[in-house]
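This report concerns only the one structure given below.
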Amino acid sequence: MIRLPSREDSGSSPATDAARQQCIRPACGATYELKSVHQRCEKCGALLDVAYDWERLPVPARLALFDERRASSRNPLDYSGVWRFRELIPFAELDKVLTIGEGQTQLRRTDGVAAYVGLDPGRLFLQYEGLNPSGSFKDNGMTGAFTHANMVGAKYAACASTGNTSASLALFAGVSGLLKAVVFVGSGKIAYGKLSQALDYGATTLQIAGDFDDAMRQVQEVCLQTNLYLMNSLNPFRLEGQKAIMYRVLEGLGWEPPDWIVVPGGNLGNSSAFGKAFAELRQLGLIPRIPRVAIINSTGADTLDRLVNRAGLRWNGGNVGDAAIEAFYAQMDAEKRKAHTIASAIEINRPVNLDKALRTLEVTNGVVRAVPDAAILDAKAMVGAHGFGCEPASAASVAGARLLREQGVIARDERVVCILTGHLLKDPHATVGYHSYDAERLREEFGQFGVAQARHANRPIPVPDDIEAILSIIKDL
Ligand SMILES: *Cc1c(COP(=O)(O)O)cnc(C)c1O
Ligand SMILES: [Zn+2]
């Protein structure tokens, strides 16, 4: 763990009575002390936010004032791509911050992928979160949740995970020594890159005989019955950290908001955090307008797409229509419909942050789409071929942007940022299979996901151990 310098070097902690936890439903609005632990609102069961009295907090007058802290500082708080924006995440007691240098990520302009998506040159940017210490954006949130866990003195923490949350939790627990980590994963689903991290970083790893949705249900119950601190994105302090992804996107664009943010949707924590980030920035007068957020499901795990685009669900001032949601899940159970997609990080049918994602759609005039796995893997190969690689779920953002272009929802001269949520090496099986399987093996292993063809496969070429044979192949390059 990076130990922090003295408080004087880091700036003073905000008055913690200017921050609290608050029920997201305006009709309830119950509040809870900052340094207390709740999974949900104790009064009505809704999700909780971290809420601030901004007028009592020192907020910079312009976002450009953050520029001078970028990347060069020896102060660990400034080195972090999350905590250098600490005035916008002002719940933390600065001597309790746990940082491992998360968020040192990049926004890259990529004209090759822009052409694939159908955008003009200079209009598409990839926010590459695979550069985080554990290889996914989850580290942005984990530093927030660990900081709160440190503030309340938690000794044990748990999460359910499709893989990346467990990798991040295990890494933060291992490097800080602050607490012991227990991770719940579904059986047989988790990508090897991610499982290897949880095991190697020393987390107690429970493989539940079920899928992610089962593991998520169990971990919530276990945390209620024990003193395990819940590290899933249900935890509002995770989402506070993930707001910083949007601050970095704005920073990468010289503080000029793009027209679109496109993000894969799984448990919907990221999209929820993005909406809160933009709502707060506008409230503080720090941005002139809010980008539209497009949330992209896989068609094999498309609860949000169905609820928004078929059932017409909306935030509706916090009256989201619980009865309609319950009926939807009852039908899903009756049909024994399970999430099923090669994009394992978004293989989730009961997204815990559903309500907050609906709020994001409202605040940002957002849209939801679902894309098939074949389109996800094709888009993934195009991302790889033009620069940074990513894991399948991440490429849903690029496949989604392409679909929205085809539908004319995004115009070709609009500025679009796709979030690449996780590193290529998280799921080598998906990548090697896509590029190297013949038609029969592709059908056997990926056919269950509806992938019949690998349009952008870069096949390995078998060649004899013979110089003439090798030369005869490479001469045609
Ligand atoms: C967790 C994760 C997602 C889904 O994010 P949510 O916040 O759960 O919607 C997408 N891609 C990757 C790589 C992830 O690890
Ligand atoms: Zn409530």
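Because the structure is a prediction, the values reported are computed rather than measured.
Crowding of Glu335 atom CD: a count of heavy atoms from other residues, nucleotides or ligands under 6.0 Å exceeding 12. Environment of CZ in Phe328: crowded, with over 12 heavy atoms of neighbouring residues, nucleotides or ligands closer than 6.0 Å. Crowding of Arg455 atom CZ: a count of heavy atoms from other residues, nucleotides or ligands under 6.0 Å not exceeding 12. Around atom CZ of Arg282, no more than 12 heavy atoms belonging to other residues, nucleotides or ligands sit under 6.0 Å away.
Residues Met246 and Ile419 meet the side-chain proximity criterion, which asks for heavy atoms closer than 4.5 Å. Here the side chains of Arg123 and Val416 are not in contact, with every heavy-atom distance at 4.5 Å or above. Using a 4.5 Å heavy-atom cutoff, the side chains of Leu169 and Phe146 are in contact. Residues Val183 and Leu206 have side chains not in contact (no heavy-atom distance under 4.5 Å, counting atoms from C-beta outward). Contact check for Asp49 versus Lys276: side-chain heavy atoms found under the 4.5 Å cut-off. Using a 4.5 Å heavy-atom cutoff, the side chains of Arg306 and Thr303 are not in contact. Looking at His456 and Tyr434, their side chains come closer than 4.5 Å, going by heavy atoms from C-beta outward. Considering only heavy atoms from C-beta on, Arg405 comes within 4.5 Å of Leu119 through its side chain.
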Pair Glu129, Ser136 - check side-chain hydrogen bond (donor to acceptor under 3.5 Å, both in side chains), show working.
CA-CA 6 Å; Glu129 291 296 313; Ser136 85; over 6 Å; no

Going through the distances and angles, do Arg238 and Met142 end up as a side chain to side chain contact (heavy atoms under 4.5 Å, CB included)?
CA-CA 6 Å; Arg238 273 252 328 254; Met142 208 50 75; 4.2 Å; yes

Between Asp427 and Tyr192, does a side-chain hydrogen bond (donor to acceptor under 3.5 Å, both in side chains) hold up when you go through it step by step?
CA-CA 6 Å; Asp427 190 354; Tyr192 255 38; over 6 Å; no

Trace of the side chain to side chain contact (heavy atoms under 4.5 Å, CB included) decision for Thr431 with Asn458:
CA-CA 10 Å; Thr431 304; Asn458 174 29; over 6 Å; no

Thr341 vs Asp373, test: side-chain hydrogen bond (donor to acceptor under 3.5 Å, both in side chains). Steps then yes/no.
CA-CA 7 Å; Thr341 166; Asp373 283 7; 2.8 Å; yes

Run the numbers on Gln106 and Arg248 for side-chain hydrogen bond (donor to acceptor under 3.5 Å, both in side chains), then give the verdict.
CA-CA 8 Å; Gln106 296 182 24; Arg248 298 199 299 272; over 6 Å; no

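The existence of a salt bridge linking Asp378 and Lys380 is excluded, since no basic side-chain nitrogen approaches an acidic carboxylate oxygen closer than 4.0 Å. We find that Arg86 and Asp78 are joined by a salt bridge, their nearest charged nitrogen and carboxylate oxygen being less than 4.0 Å apart. Salt bridge Glu444/Arg441: absent, no basic N to carboxylate O contact under 4.0 Å. Between Arg84 and Glu251 a salt bridge is recorded (basic side-chain N to carboxylate O distance below 4.0 Å). With respect to Glu256 and Arg289, a salt bridge is recorded, a charged nitrogen being found less than 4.0 Å from a carboxylate O.
The aromatic rings of His148 and Phe237 sit parallel to each other, their planes meeting at less than 30°, with 60° as the upper class boundary. Between Trp255 and Phe85, the angle of the ring planes goes over 60°, which puts this pair in the perpendicular group of the 30/60° scheme.
Between Tyr437 and Arg459, the closest heavy-atom pair is O-NH1, 3.1 Å. Taking both residues in full, the closest heavy atoms of Ala345 and Thr162 are given as CA-OG1, 3.3 Å, listed atom of the first, atom of the second, then distance. Here the closest non-hydrogen pair linking Val222 and Thr226 is O-OG1, 2.7 Å. The heavy-atom pair separating Ile376 from Pro392 by the smallest distance is CG2-O, 3.1 Å.
In this model, no donor atom of one side chain and acceptor atom of the other lie less than 3.5 Å apart for Gln22 and Tyr52. Side-chain polar atoms of Asn353 and Ser272 form no donor-acceptor pair below 3.5 angstrom. Judged by distance alone, the side chains of Glu391 and Asn164 do bring a donor and an acceptor atom under 3.5 Å apart. Asn140 and Glu102 form no side-chain donor-acceptor contact under 3.5 Å, judged by distance and modelled atom types alone.
No option in Asp259, Val262, Val249 other than Val249 meets the side-chain contact (heavy atoms from CB on, under 4.5 Å) test with Val417.
A distance of 9.5 Å separates CG in Leu358 from OG in Ser271, rounded to the nearest 0.5 Å.
Not one N or O on the side chain of Lys426 forms a donor-acceptor pair closer than 3.5 Å with the backbone of Gly130. In this structure a side-chain-to-backbone donor-acceptor pair under 3.5 Å is missing from Asn267 to Gly269.
The salt bridge (charged side-chain N to carboxylate O under 4.0 Å, His left out) pairs that include a residue from residues 339-354 are Lys189-Glu347, Asp333-Arg350, where partners are two or more places apart or lie in different chains.
Within the cation-pi definition used here (under 6.0 Å to the ring centroid, within 45° of the axis), Arg108 does not qualify as a partner of Tyr128.
Evaluation of the side chain to side chain donor-acceptor pair (under 3.5 Å) rule for Arg314 yields no partner, not counting sequence neighbours.
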